[in-house]
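Because the structure is predicted, anything quoted here is derived from the model rather than measured.
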Amino acid sequence: MIIELFLLAIITLLAGTIVPLLAVSVNRRYIRTISLCCPIFASLFLGALSLVVLFSGETSGFTLYQPITEFSFSFVIDRLASFFLLIIAIVSACVALYFSEYVEHMDGSSRRNILCGFTSLFILAMVLVVSSANSFCFFLFWELMAASSFFLVTFEYTHDETKKAGLFYFFMTQLSSLFVLLGIIMLYLESGSFAIAPIHGASTLPITAAFLVLFIGFSIKAGIIPFHKWLPYAHPESPSPISALMSGVMLKIAIYGLIRFLLDVFTPDLWWGALILAAGITSAVLGVIYALKEHDIKGMLAYSSIENIGIIFTGIGLWVIFSASNLPLLATISLLGALFHSLNHALFKSLLFLTSGSVVHATHTRDIEHMGGLAHRMPYTSALFFIGAVSISALPPLNGFASEFLIFTAFFTSVAFVSPLFKVLLFICLALFALASTLSAACFVKAFGSIFLALPRSPQSEVAKEVPRAMLIGPGILAAACILLGVCAFQIFGIVGFNVPLPDMFLISLLLLGMGVLVYVVLYVTASREVRVSETWGCGSRSQQASSEYTGHGFSEPIDIIFSAIYRTRTKNERVFFDLKNCIFREGTGEIHLLKVFEEYLYNPISQLFMQVATKVSRFQNGCLDTYLLYVFVTVIALIIFLGWFA
């Protein structure tokens, strides 16, 4: 039954890809609706088979086609693969529901058919990556995932910013593919097989090199610092449903790749875990620090994704450290925390991207400083965004709290077992991890307050209206899942067979709900029935104006000052006075520039170096036939010498 459900899902996604591409010139809504219904039905099939495998522990595999002995299109679905297939299924279905209405409000006429077709192809590629049984299939579908996502990112290719984002994304995703391919080749040379199977023996230099190369490849795709810069470029310029798929699902495919190779291929050393932990903590802290200074709503969510991927890497790093230290219980808790946060981040980040897409659709701007007052105009969207904000801030009783609690538990419990040196390392990482969690809450207090509260700060916000109901169903399902996985986390782990040190949030939630109802009843019975309407107190001002509100920049400015050494803030003030003594102020201007540290000190120097090398190499192409014949002659001589020497 598992294989049949899997094949049905694949066929359905293929139909969702082919139908709109064949009818690319037909600008009809029903074509796009049919295409987007396919991921929904495919998600039902994938969700069903995932739940069966997760609860039964059954592993199923088959070979679809084997052209030669070394290469085969083989697939296997075990509990790890089914878990990530479940993530793909839930998010894809909700995004498709949202997309069915969102796409009709986009520009591009029949080009929207291509967008829908490539969305199904993108989902199909991710499904095939997760279910691949060998590294040959893994890389083939990994590249298909990269190519299809590039076309989705560059849908609005007429915009200059989209072109820049597309080129940046293309370069980084191909760099990721290059490292993954190199790692697979190194493993093949070491084992003589493309099978994703254990390589027995100590971690020799080639095996260690293969791990490092794969780690870099997966880190680039996941957006780990310093390979993160493609996220703040690609996410803001992509359609919001595509941003939800990329951040909620595609980043998790890189997580899956790392965990799969660590589990099934390598025998990790202790320092491997320390490396992953350091990368995770660095990304978590810097990601949320950069998110705090962003005023582009989708750019802020992109940096927040870097932070949450850092949290997942932190859990994976702890798992490797504890496994190498023969602490299986702590290793299990850490890995479960990382996997559970992968699911939770997929849910609440997709929810936030979809609701931010609704906000941008209503206000026609991504700048949160030009929003405000949307809670009255978009009450359902604001409620859904609030659930996502509480979840990502790791506040109880929602799902973000449960997964981060597991990682905190692993940190605290490990103190009694590890060596003194690792105690120091883990204490430092614990402090930074707690800092990242705190700053994340501050970031989304700023976001929700600036977007939905107070008065509108632009004419577009003033006239904003709630989005159509079809754009609320998908986010509503994601919001319900965030609540369910938080409140019932303890029970869910028990059902799948894990006894984890989590508080029973279901009982706590019932208690809190009962207390809330009791307080409401008491207030309803005893409160005065007199009604008084007045403005919020404004420090003595007779009337409230949007210009006097606390802005998002004003909210985050104290934090910006604290971390100015990281932001590398440059402040420029120019003042003009009426008198020569500079006592009576006339006018002035002020500018604040945030230096893009990684871009200016890492990416730009490397790109300039490549440009210099390319310029020198291009001189060999001088257009002279005699020169090209000389190149051919030298190449043939070199091949003869090489083959004669090594044959």
Side-chain angles (χ1 to χ4, degrees), residues 1-2 5 43-44 46-60 77-91 130 252 255-256 259 263 308 311-312 314-316 318-319 322-323 327-348 351 387 390-392 394-414 416-417 437 477-514:
M1 182 182 71
I2 294 173
L5 287 172
S43 296
L44 295 176
L46 291 173
L49 74 88
S50 298
L51 293 175
V52 170
V53 175
L54 283 172
F55 289 122
S56 67
E58 178 185 353
T59 299
S60 299
I77 302 173
D78 56 10
R79 295 190 85 180
L80 180 63
S82 66
F83 177 78
F84 283 89
L85 287 176
L86 182 63
I87 293 177
I88 297 172
I90 296 173
V91 176
V130 169
K252 308 308 177 302
I255 299 295
Y256 167 80
I259 295 177
L263 268 176
N308 281 275
I311 291 173
I312 297 169
T314 299
I316 296 172
L318 290 175
W319 162 59
F322 297 142
S323 297
L327 298 171
L329 179 60
L330 289 178
T332 301
I333 293 174
S334 303
L335 182 58
L336 289 176
L339 290 173
F340 195 36
H341 199 74
S342 297
L343 172 60
N344 292 336
H345 177 252
L347 297 175
F348 57 63
L351 169 60
I387 293 173
V390 173
S391 299
I392 200 172
L395 298 177
L398 300 190
N399 58 344
F401 167 79
S403 52
E404 290 195 27
F405 185 87
L406 286 174
I407 299 176
F408 270 113
T409 301
F411 267 120
F412 282 117
T413 310
S414 65
F417 300 101
S437 298
I477 295 173
L478 292 170
C482 289
I483 297 172
L484 178 66
L485 289 180
V487 172
C488 301
F490 181 79
Q491 287 77 12
I492 292 171
F493 275 107
I495 292 173
V496 295
F498 292 101
N499 184 17
V500 293
L502 271 176
D504 190 346
M505 296 306 300
F506 182 75
L507 295 177
I508 296 174
S509 299
L510 287 178
L511 179 61
L512 292 175
L513 180 63

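Here the CG atom belonging to Leu510 is positioned 6.5 Å from the CG atom belonging to Leu507, to the nearest 0.5 angstrom. Atom CG of residue Leu347 and atom SG of residue Cys482 lie 5.0 Å apart, to the nearest 0.5 angstrom. Rounding to the nearest 0.5 Å places CZ of Phe83 at 6.0 Å from OG of Ser342. Separation of atoms CD1 (Ile87) and NZ (Lys252) is listed at 7.0 Å; rounding is to 0.5 Å. Atom CG in Leu85 sits 11.0 Å away from atom CG in Leu51 (nearest 0.5 Å). We find the CD1-CG distance between Ile333 and Leu327 to be 10.5 Å, quoted to the nearest 0.5 Å.
Pairing each heavy atom of Ser56 with each of Val52, the nearest pair is OG-O, 2.6 Å. Gly486 and Met505 make their closest contact through O-CB, 3.5 Å (heavy atoms, listed as atom of the first residue, atom of the second, distance). Contact detail for Ser403 and Gly400: the closest heavy-atom pair is OG-O, 3.3 Å. Minimum interatomic distance between Ile77 and Ser82 (heavy atoms only, all atoms of both residues): CG2-CB, 4.2 Å. The two residues Val53 and Glu58 come nearest to each other via the heavy atoms CG1-O, 3.1 Å.
Under the rule for a ring pair (Phe, Tyr, Trp, His ring centres under 6.0 Å), the partners of Tyr256 that lie at least two apart in sequence or sit in another chain are Phe84. Residues forming a side chain to side chain contact (heavy atoms under 4.5 Å, CB included) with Leu5 (at least two apart in sequence, or on another chain): Met1, Phe45, Ala48, Leu49. Taking the ring pair (Phe, Tyr, Trp, His ring centres under 6.0 Å) definition, one finds that Phe493 meets it with Phe340, sequence neighbours left out. Applying the side chain to side chain donor-acceptor pair (under 3.5 Å) test to Ser509 and every residue at least two apart in sequence or in another chain returns nothing. Partners of Phe490 under the ring pair (Phe, Tyr, Trp, His ring centres under 6.0 Å) rule, at least two apart in sequence or in another chain, do not exist in this structure.
Looking only at side-chain heavy atoms (C-beta outward), Arg79 and Val496 come within less than 4.5 Å of each other. Within the 4.5 Å cutoff, side-chain heavy atoms of Ile483 are placed close to those of Leu398. At a threshold of 4.5 Å between non-hydrogen side-chain atoms, the residues Glu404 and Asn344 do not count as touching.
Counting heavy atoms of neighbouring residues, nucleotides and ligands inside a 6.0 Å radius, atom CZ of Phe506 does not exceed 12 of them.
Listed by first and then second residue, the side chain to side chain donor-acceptor pair (under 3.5 Å) pairs that reach into residues 485-496 are Gln491-Asp504, sequence neighbours excluded.
Note: Phe401 and Phe405 have tilted aromatic rings, judged against thresholds of 30 and 60 degrees for the angle between ring planes.
Using modelled atom types, no side-chain atom of Asn399 and backbone atom of Leu485 make a donor-acceptor pair closer than 3.5 Å.
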- [ ] Would you sort out whether Leu502 and Leu406 count as a side-chain contact (heavy atoms from CB on, under 4.5 Å), showing the intermediate values?
- [x] CA-CA 7 Å; Leu502 271 176; Leu406 286 174; 3.9 Å; yes

Task: Test side-chain contact (heavy atoms from CB on, under 4.5 Å) applied to Ser391 and Ile387, step by step - done: CA-CA 6 Å; Ser391 299; Ile387 293 173; 4.3 Å; yes

Task: Residues Ile259, Leu339; criterion side-chain contact (heavy atoms from CB on, under 4.5 Å); working and verdict - done: CA-CA 10 Å; Ile259 295 177; Leu339 290 173; 3.7 Å; yes

Task: Worked check of side-chain contact (heavy atoms from CB on, under 4.5 Å) between Ile316 and Ile255 - done: CA-CA 9 Å; Ile316 296 172; Ile255 299 295; 4.1 Å; yes

